[in-house]
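Naming convention: chains lettered A, B, ... in sequence-line order (proteins, then strands); numbering from 1 in each chain.
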Amino acid sequence: MLDIKFIREHPDLVREGIQKKGAADSVDEVLRLDAHRRELLQKVEHLKSHRNMVSEEVGKLKRTGKDAATVIAEMETVKNQIKSIDDELRGVEETLHGFMLTIPNIPHPSVPVGTKPEHNQEVATWGEPPVIDFKPKPHWELVEKLDLIDFERGVKVAGAGFPVYKGQGAKLQRALINFFLDEGAAKGYQEIQPPLMVNAASATGTGQLPDKEDLMYVATKDDLYLIPTAEVPVTNIHRDEMFTEQQLPVKYCAYTPCFRREAGSYGKDVRGLNRLHQFDKVELVKYVHPGVSYNELESLREDAEQLLKKLGLQYRTLLMCTGDMGFTQSKKYDLETWSIGQQRWLEVSSISNFEAFQARRMNIRFRPRGDGKPEFVHTLNGSGLALPRVVATIIEHYQTPEGKVIVPKALHKYTGFEIIG
RNA sequence: GGAGAGGUGGGUGAGUGGCUUAAACCAACGGUUUGCUAAACCGUCGUACGGGGUCAACCUGUACCGAGAGUUCAAAUCUCUCCCUCUCCGCCA
């Protein structure tokens with residue numbers, strides 16, 4: 001949610017931002033409702049002020065034993081007026097709030113404007129594809145042959161998109177989780193194990209509700225949502241809280257499974273590990289001072305890139321264009337690894353600055369040093385990293401002509417084996 | 001699932017109809033003292049949304065004591081509904 005004052009004072013900037021994102025523009029409705037709201041507010045507050053004065057007088061009269069009946073009778077109309085204006089005001093505020101929730105976060109000036117993949121800017125590349133003299137296989141062939149993942153039995157147990165990891169496959173997965181968490185801890189992120197289901201208030205805070213409910217699995221009997229990412233529970237940890245300035249930045253890392261309905265996906269996108277309904281991810285979350293959030297975004301990006309470097313995986317970093325950004329983000333990078341078996345880039349991390357957009361929804365503030373008023377923090381998050389595509393890339397990148405897989409050195413102490421197969 | 005207790009400011013926690021913009025303490029902030037740190041002492045210290053303004057470090061209005069509705073001239077305080085938390089019992093990894 002944006003600041004209503006900001007919209008009021010800079011409607012054109014907001015319109016421009018909405019347009020860049022290609023979202024629906026409800027600035028006019030917001031401005032109209034906001035004006036109406038303030039008009040009613042002034043009226044009713046004036047009446048209430050009058051009521052308070054009279055009430056005080058009544059108290060005095062009664063204490064001195066005098067009759068207050070006439071004054072009380074006069075208040076009858078005031079009382080009714082207040083009630084009717086208050087009712088109208090509530091209606092206006094509800095409508096206004098509804099429109100406010102539809103206005104997306106506006107993009108940072110450094111974000112390229114566009115709607116197509118070619119409008120994304122490549123800002124960093126690292127590594128090279130492995131030099132091999134055989135035709136590389138896609139990971140779904142390798143994992144089946146090596147008996148690392150059983151997709152078919154996953155279908156039987158739950159459905160498509162719910163793989164069963166087995167033996168060295170399961171161990172590789174666990175090794176990556178531990179590796180990511182340890183690396184995060186070394187960078188000052190406190191490890192968190194959050195709830196895997198959240199209530200509606202939390203899902204609204206990070207922006208999944210009200211309009212992205214279809215992305216999530218819902219436990220309707222209990223009004224709970226399976227988390228689509230650890231971002232949801234971890235960012236909501238501090239909902240309705242106030243930090244001191246010296247507490248910032250607060251940095252968390254959390255491993256969780258993630259659950260996504262992914263309705264409408266098809267084709268090569270869903271082949272193998274490319275897109276799943278349940279997958280594992282380690283998420284990095286920061287709450288920071290607004291003045292440094294873009295520096296923190298860069299360091300978050302470096303923290304995520306570092307993981308790929310240590311695994312020896314080729315990657316590129318894209319600064320996502322306005323059209324490819326989500327509703328809540330003001331700037332976003334994607335990290336993609338090169339899948340040698342599929343000859344395509346796979347997104348393994350998404351790193352975003354939300355500025356105060358989520359914090360305002362969640363009411364997360366800090367009290368500045370000195371006697372300043374509370375301000376909203378800026379929130380950021382980034383995957384560090386999403387497992388399935390990293391697993392896919394590792395298996396393809398480090399495959400041998402015999403169809404085995406060499407485990408990256410950084411993982412040896414976690415797997416306990418150096419070769420798969 | 002059954003029974004009971006409770007939800008107050010950054011935190012702990014008083015307050016059972018008008019004098020509560022909410023005692024007290026802690027934290028925070030400013031100052032005094034000090035070689036430095038600490039301690040002690042003095043002072044300041046709610047938030048949100050409006051209005052006015054030499055637009056700021058100023059003045060002013062309203063609301064807010066879990067949420068909503070009601071009673072009343074007046075509600076943290078009385079009534080009702082809902083939500084949540086805790087304790088005990090039952091069940092259980």
Pair partner, [N] [Watson-Crick or wobble, under 3.5 Å]:
N      : answer
C19(B) : none
C29(B) : G43(B)
C36(B) : none
C82(B) : G66(B)
U87(B) : A3(B)
C58(B) : G52(B)

Mind calculating the distance between [atom1] ([X]) and [atom2] ([N]) to the nearest angstrom?
X         : N      : atom1 : atom2 : value
Asn199(A) : C83(B) : CG    : C1'   : 11 Å
Asn80(A)  : A74(B) : CG    : C1'   : 16 Å
Asp240(A) : U47(B) : CG    : P     : 16 Å
Gln81(A)  : C73(B) : CD    : C1'   : 15 Å
Glu93(A)  : A48(B) : CD    : P     : 16 Å
Phe6(A)   : C49(B) : CZ    : C1'   : 19 Å
Leu47(A)  : C73(B) : CG    : C1'   : 15 Å
Met242(A) : A48(B) : CE    : P     : 8 Å

Please report the distance separating the [atom1] of [N] from the corresponding atom of [M], rounded so that it comes out in whole Å.
N      : M      : atom1 : value
A75(B) : G15(B) : C1'   : 14 Å
C64(B) : U77(B) : P     : 10 Å
A69(B) : A74(B) : P     : 16 Å
A76(B) : U60(B) : P     : 22 Å

Choose from [options] the nucleotide whose nearest atom is closest to any side-chain atom of [X].
X         : options                : answer
Arg365(A) : G50(B), A48(B), A69(B) : A48(B)
Lys83(A)  : A48(B), G51(B), G70(B) : G70(B)
Ser55(A)  : A48(B), C73(B), G70(B) : C73(B)
Arg37(A)  : G50(B), A28(B), A69(B) : G50(B)
Lys79(A)  : G50(B), A74(B), U47(B) : A74(B)

Checklist line | Enclosure of Glu144(A) CD (heavy-atom neighbours >12, cutoff 6.0 Å) | finding: no

Check: Does any pair with a residue in residues 383-395 of chain A pass salt bridge (Lys or Arg N to Asp or Glu O under 4.0 Å), and if so which ones, sequence neighbours excluded?
Finding: none

Next item on the list: May I ask you to evaluate whether Gln246(A) reaches the phosphate of A27(B), defined as a side-chain N or O under 4.0 Å from OP1 or OP2?
Entry: no

Note to self: Side-chain N or O of Arg38(A) versus OP1/OP2 of C49(B): is the shortest distance under 4.0 Å?
What the structure shows: no

Check: Checking all strands, does Arg8(A) fall into the base, sugar-phosphate, or nothing category for heavy-atom contacts under 4.0 angstrom?
Finding: sugar-phosphate

Notebook entry, point to check: Which part of the nucleic acid does Lys43(A) contact within heavy-atom distance under 4.0 Å: base, sugar-phosphate only, or nothing?
Noted result: nothing

Next item on the list: Do nucleotides 59-64 of chain B as a string where each nucleotide becomes B, S or -: B if the base has a protein heavy atom under 4.0 Å, S if just the sugar-phosphate does, - if no protein is that close.
Entry: --BBS-

Checklist line | Parallel, tilted or perpendicular, as decided by the 30° and 60° cut-offs, for the rings of Phe357(A) and Phe327(A) | finding: perpendicular

Restricting to ring pair (Phe, Tyr, Trp, His ring centres under 6.0 Å), what partner residues turn up for [X], sequence neighbours left out?
X         : result
Phe417(A) : none
Tyr165(A) : none
Tyr217(A) : none
Tyr287(A) : His238(A), Phe243(A)

Notebook entry, point to check: Got a donor-acceptor contact below 3.5 angstrom from the Asn120(A) side chain to the Cys321(A) backbone?
Noted result: yes

Next item on the list: Find which nucleotide of RNA chain B each of Asp87(A) and Pro374(A) is nearest to by heavy atoms, and output the residue with the more 5' nucleotide.
Entry: Pro374(A)

Check: Is the closest side-chain heavy-atom distance between Leu284(A) and Lys251(A) below 4.5 Å?
Finding: no

